[in-house]
Asker: 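Following this message is one structure expressed as structure tokens.
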Number of protein chains: 2
Amino acid sequence: MENNPRHLPADERRAVTVKSVVALAGSQNPSEITTAAIAKHMNLTQGALFRHFPNKEAIWQAVMEWVAERLLARIDRAAQGIASPLSAMEAMFMSHVEFVIEHPGVPRMMFGELQRAEPTPAKRMVQTLIQRYGERLHCLIEKGKTSGELSPTVDNEAAATLFIGTIQGLVMQSLLAGDVARMQIDAPRVFAIYRRGIASAQ
Amino acid sequence: MENNPRHLPADERRAVTVKSVVALAGSQNPSEITTAAIAKHMNLTQGALFRHFPNKEAIWQAVMEWVAERLLARIDRAAQGIASPLSAMEAMFMSHVEFVIEHPGVPRMMFGELQRAEPTPAKRMVQTLIQRYGERLHCLIEKGKTSGELSPTVDNEAAATLFIGTIQGLVMQSLLAGDVARMQIDAPRVFAIYRRGIASAQ
DNA sequence: GCTAAGATAGTAATCAATTACTATCTAACC
DNA sequence: GGTTAGATAGTAATTGATTACTATCTTAGC
């Protein structure tokens with residue numbers, strides 16, 4: 001099963017590094033992950049990491065690039081082919097939650113990165129990720145209004161903010177309970193309230 | 001205006017320390033605040049801090065105690081004397097947002113503390129704060145149901161989670177925009193959706 | 001003048017990053 | 001096709017900077 005040859009091509013090694021950081025962030029404070037811890041997790045010496053990344057900042061950038069790519073692909077796939085905008089939003093929501101359950105460290109890394117004072121490459125990547133996320137939401141909300149599923153009085157920006165905040169709230173609850181899987185059960189319950197908040201009255 | 005005598009009684013010095021941490025957290029990543037930075041901000045040498053706190057952990061604990069006391073007092077005062085449970089929730093929401101605007105570092109410290117792996121005293125303080133916050137919400141939601149203002153089908157737990165998540169979403173937006181004051185404008189817009197999600201149909 | 005509070009000047013530990021060296025893979029060449 | 005030279009990837013030890021924390025000396029204030 002476990003097959004980890006000592007030598008790996010550079011691109012594969014970088015991929016393993018990213019996965020290691022994501023895994024570590026699932027069980028410890030992302031800001032406290034050291035290069036030594038990353039190396040240990042992937043059975044490598046600490047110095048070897050810097051053969052593949054110029055510095056630690058570059059590692060975090062690579063991680064956030066991986067996150068952005070995977071998350072957007074996931075929500076796009078979830079919404080694909082669903083005619084009803086509201087149902088598409090719900091599918092997006094649930095697939096996002098599933099992604100977070102698979103990778104609990106991700107939202108914590110994102111939030112941690114956002115509150116950096118300096119605009120690091122990783123922070124910028126998070127910003128563009130959320131921007132693109134918002135574009136998809138705005139599109140669906142507009143479609144929902146024209147289709148009549150959403151109330152015409154809905155405040156688009158506020159609805160997008162609350163959509164993401166809803167997930168953030170679930171993450172916080174899971175941190176409080178120390179139980180990530182609970183999100184799976186709580187997510188539909190919370191989304192039901194959100195749905196009621198934006199849907200047109202039957 | 002500025003009156004800072006070199007020598008201060010211990011309790012006053014501790015209070016100044018807490019305020020300094022809260023202020024610093026407003027403009028930089030809370031997890032990167034060093035004891036040296038705290039001391040510099042209050043015109044003190046780094047070593048002198050340890051005359052008043054046994055270690056850094058104790059400083060953070062004191063900060064979170066301050067936060068818990070102030071925030072709960074604030075929302076209690078806001079809800080006080082408001083007959084309508086929904087209006088009380090809105091007042092609570094807005095006073096919480098105001099508190100965050102005054103102290104932007106607070107929600108970031110709280111979230112950062114929650115995702116610590118080890119159960120530090122500060123983390124436990126955050127947990128009990130949110131627990132008490134939740135009690136107040138549950139109480140209002142129940143009252144809202146009996147008064148008929150809230151839909152009888154509302155999921156209490158989900159509603160409480162979403163209430164806090166709504167604020168978390170606003171905080172994230174303010175981090176993205178780099179503009180805390182925007183929350184003042186966005187808050188009522190976002191709460192309107194939440195309100196619609198839990199209120200009984202007209 | 002005694003005590004609480006602060007300054008000064010450390011210590012030990014930790015961290016990212018670098019260095020000199022070694023192992024392994026790959027491809028050119030006879 | 002086997003040998004070898006160069007490129008790639010990894011090790012182990014070390015560096016300088018930073019950190020929380022402490023020991024010792026100094027001073028302000030009742």
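Being a predicted model, the structure only gives us computed values, none of them experimental.
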Asker: Rounded to the Å, how far apart are A:Leu8 CG and D:dA7 P?
Answerer: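 Distance check: A:Leu8 CG to D:dA7 P gives 21 Å.
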Asker: Give a yes or no answer on whether the side chain of A:Asn29 reaches the backbone of A:Glu32 with a donor-acceptor pair at less than 3.5 Å.
Answerer: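 Checking the backbone N and O of A:Glu32 against the side chain of A:Asn29, no donor-acceptor pair under 3.5 Å is found.
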Asker: What is the distance from CD1 of B:Ile38 to P of D:dT19, rounded to the nearest Å?
Answerer: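 Going from B:Ile38 (CD1) to D:dT19 (P), I get 11 Å.
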Asker: Hey, does the side chain of A:Arg196 reach the backbone of B:Ala199 with a donor-acceptor pair shorter than 3.5 angstrom?
Answerer: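 Looks like yes, one N/O pair under 3.5 Å.
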Asker: Using side chain to side chain donor-acceptor pair (under 3.5 Å) as the criterion, list what pairs up with B:Thr17, not counting sequence neighbours.
Answerer: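 For B:Thr17 there are no side chain to side chain donor-acceptor pair (under 3.5 Å) partners, ignoring immediate neighbours.
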Asker: Indicate yes or no: does B:Arg14 engage B:Asp11 in a salt bridge with an N to O separation below 4.0 Å.
Answerer: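 Answer for the salt bridge query: no.
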Asker: Scan B:Thr45 against the nucleic acid and name what it touches under 4.0 Å (heavy atoms): base, sugar-phosphate only, or nothing.
Answerer: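 Here B:Thr45 touches the bases of the nucleic acid.
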Asker: Give, ordered by number, those residues of residues 46-61 of chain B having at least one heavy-atom distance below 4.0 Å to an atom of DNA chain D; if nothing qualifies, reply none.
Answerer: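 Heavy-atom contacts with DNA chain D come from B:Gln46, B:Gly47, B:Phe50, B:Arg51, B:Asn55, B:Lys56.
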Asker: Please determine whether side-chain contact (heavy atoms from CB on, under 4.5 Å) holds for the pair A:Ser95 and A:Arg77, giving the CA-CA distance in whole Å, both sets of side-chain angles, and the decisive distance to 0.1 Å.
Answerer: CA-CA 9 Å; A:Ser95 71; A:Arg77 185 153 39 90; over 6 Å; no
Asker: First contact, last contact: which nucleotides of DNA chain C are these for chain A, 5' to 3', heavy-atom distance under 4.0 Å?
Answerer: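 Under 4.0 Å from chain A, the extent on DNA chain C is C:dC15 to C:dT24.
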Asker: Check whether any side-chain heavy atom of A:Val63 sits under 4.5 Å from a side-chain heavy atom of A:Met125, and report yes or no.
Answerer: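 Result no, sub-4.5 Å side-chain heavy-atom pair not found.
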Asker: Could you check whether A:Gln46 and A:Thr35, counting side-chain N and O atoms only, form a donor-acceptor pair closer than 3.5 Å?
Answerer: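 Side-chain D/A pair, A:Thr35 to A:Gln46: present.
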Asker: Evaluate whether atom NZ of B:Lys145 has more than 12 neighbouring non-hydrogen atoms of other residues, nucleotides or ligands under 6.0 angstrom away.
Answerer: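 Yes, because the 6.0 Å sphere around NZ of B:Lys145 holds more than 12 heavy atoms from other groups.
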